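Worksheet: one structure, shown below.
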Amino acid sequence: MALTWSRMGVCPILVAFLYLDKPVWSWMAAGLFILASITDWLDGHFARKYGAISNMGKFMDPIADKILVATVLIMLIPTGKVDPILVLVLLSRDILIGGIRSVAAADRVIIDAKAAGKWKTGMQMVAIPAVLLDFKYSVIDVAQIGTWLLWISVVLSLYSGAQYVKLYFENKKAGS
């Protein structure tokens with residue numbers, strides 16, 4: 001759980017780095033974001049390895065990811081590095097799924113992360129540093145690749161969101 005909390009804890013530092021809006025701070029933000037993203041993988045790895053999977057972890061791990069990603073994406077809107085519609089779709093889906101998971105939990109049903117949602121998060125964890133770094137290597141525009149990956153994450157987000165909604169209603173129907 002400490003790794004989960006650490007992902008949320010770095011968000012104020014990321015805000016400060018991105019608020020300064022200078023290339024050196026964007027690189028620092030990218031590095032910190034990468035480190036925080038690695039804690040997501042480590043958190044899951046250690047939870048499975050040591051059998052420390054808990055309902056609290058099932059709820060808080062995706063929330064920590066969402067706070068981390070949302071923090072950076074929101075801070076990037078004024079810079080023009082991300083499309084506000086992209087951020088709106090991602091945040092709306094996340095809020096909707098958070099609500100569905102809460103209602104399901106009230107009915108004693110735990111809906112944990114699905115593969116498409118994990119891929120979406122992984123895609124964002126790669127895309128965001130690319131957008132933050134904002135450089136070109138030969139003919140490769142790293143920021144543009146990051147932007148494309150973010151839009152792919154939107155598609156995965158909508159797909160996984162539909163999976164959650166379907167699963168919730170299937171569980172609700174089965175429980176009736």
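All figures in this text were calculated on a predicted structure; none of them were measured in a lab.
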Exercise for the section: Count the heavy atoms belonging to other residues, nucleotides or ligands that lie under 6.0 Å from CZ of Phe169, then report whether that count exceeds 12. Expected result: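 12 or below, so no.
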Show the atom names and distances, to 0.1 Å, of all donor-acceptor pairs under 3.5 Å that link a side chain in residues 146-159 to residues at least two apart or in another chain.
residue: Thr147; atom: OG1; partner: Ala143; partner atom: O; Å: 3.1
residue: Ser153; atom: OG; partner: Gln124; partner atom: NE2; Å: 3.4
residue: Ser153; atom: OG; partner: Leu150; partner atom: O; Å: 2.6
residue: Ser157; atom: OG; partner: Arg93; partner atom: NE; Å: 3.4

For residues [X] and [Y]: do they belong to one hydrophobic cluster (side chain heavy atoms under 4.5 Å, members Ile, Leu, Val, Met, Phe, Trp, Tyr)?
X	Y	result
Leu14	Leu90	yes
Ile95	Tyr164	no
Tyr19	Phe33	yes
Met125	Ile38	no
Leu132	Ile34	no

Handout entry: Test log, rule side-chain contact (heavy atoms from CB on, under 4.5 Å), inputs Arg7 and Asp61
Key = CA-CA 9 Å; Arg7 278 197 304 287; Asp61 183 69; 2.5 Å; yes
Problem - Under the side-chain contact (heavy atoms from CB on, under 4.5 Å) test, residues paired with Ala130 that sit two or more places apart - result: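 Val142.
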Interatomic spacing from [atom1] in [X] to [atom2] in [Y] - rounded to 0.5 Å:
X	Y	atom1	atom2	value
Met60	Asp65	CE	CG	10.5 Å
Ile145	Ile140	CD1	CD1	6.0 Å
Lys66	Leu91	NZ	CG	10.5 Å
Ile100	Lys166	CD1	NZ	13.5 Å

Practice task
Determine, for Asp94 against Lys120, whether the closest basic-nitrogen to carboxylate-oxygen distance falls under 4.0 angstrom.
Solution key: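 Answer for the salt bridge query: yes.
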Handout entry: Side chain proximity check, Ser37 to Trp41, heavy atoms < 4.5 angstrom
Key =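 Heavy-atom side-chain distance check fails, nothing below 4.5 Å.
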Practice task
State, with a plain yes or no, whether a side-chain heavy atom of Trp27 is found less than 4.5 Å away from one of Leu133.
Solution key: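 Yes, side chains in contact.
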Exercise for the section: Assess whether side-chain contact (heavy atoms from CB on, under 4.5 Å) is satisfied between Tyr168 and Arg101, documenting all intermediate values. Expected result: CA-CA 8 Å; Tyr168 170 74; Arg101 291 179 86 196; over 6 Å; no
Problem - Those residues that, when tested against Lys22, pass side-chain hydrogen bond (donor to acceptor under 3.5 Å, both in side chains) (two or more places apart) - result: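 Partners of Lys22 by the side-chain hydrogen bond (donor to acceptor under 3.5 Å, both in side chains) criterion come out as none, since no residue qualifies.
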Exercise for the section: Identify, with sequence neighbours excluded, every residue that meets ring-ring contact (aromatic ring centres under 6.0 Å, His included) alongside Phe17. Expected result: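 Here the qualifying residues are Trp25.
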Practice task
Kindly write out the residues that satisfy ring-ring contact (aromatic ring centres under 6.0 Å, His included) with Trp119, not counting sequence neighbours, or none if the list is empty.
Solution key: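 Testing Trp119 for ring-ring contact (aromatic ring centres under 6.0 Å, His included), a comparison that skips the adjacent residues, returns none.
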Side chains of residues 67-89: which donor-acceptor pairs under 3.5 Å do they make with residues two or more places apart or in other chains?
residue: Thr71; atom: OG1; partner: Ile67; partner atom: O; Å: 2.6
residue: Thr79; atom: OG1; partner: Leu76; partner atom: O; Å: 2.6
residue: Thr79; atom: OG1; partner: Lys81; partner atom: N; Å: 3.2
residue: Asp83; atom: OD1; partner: Ile85; partner atom: N; Å: 2.8

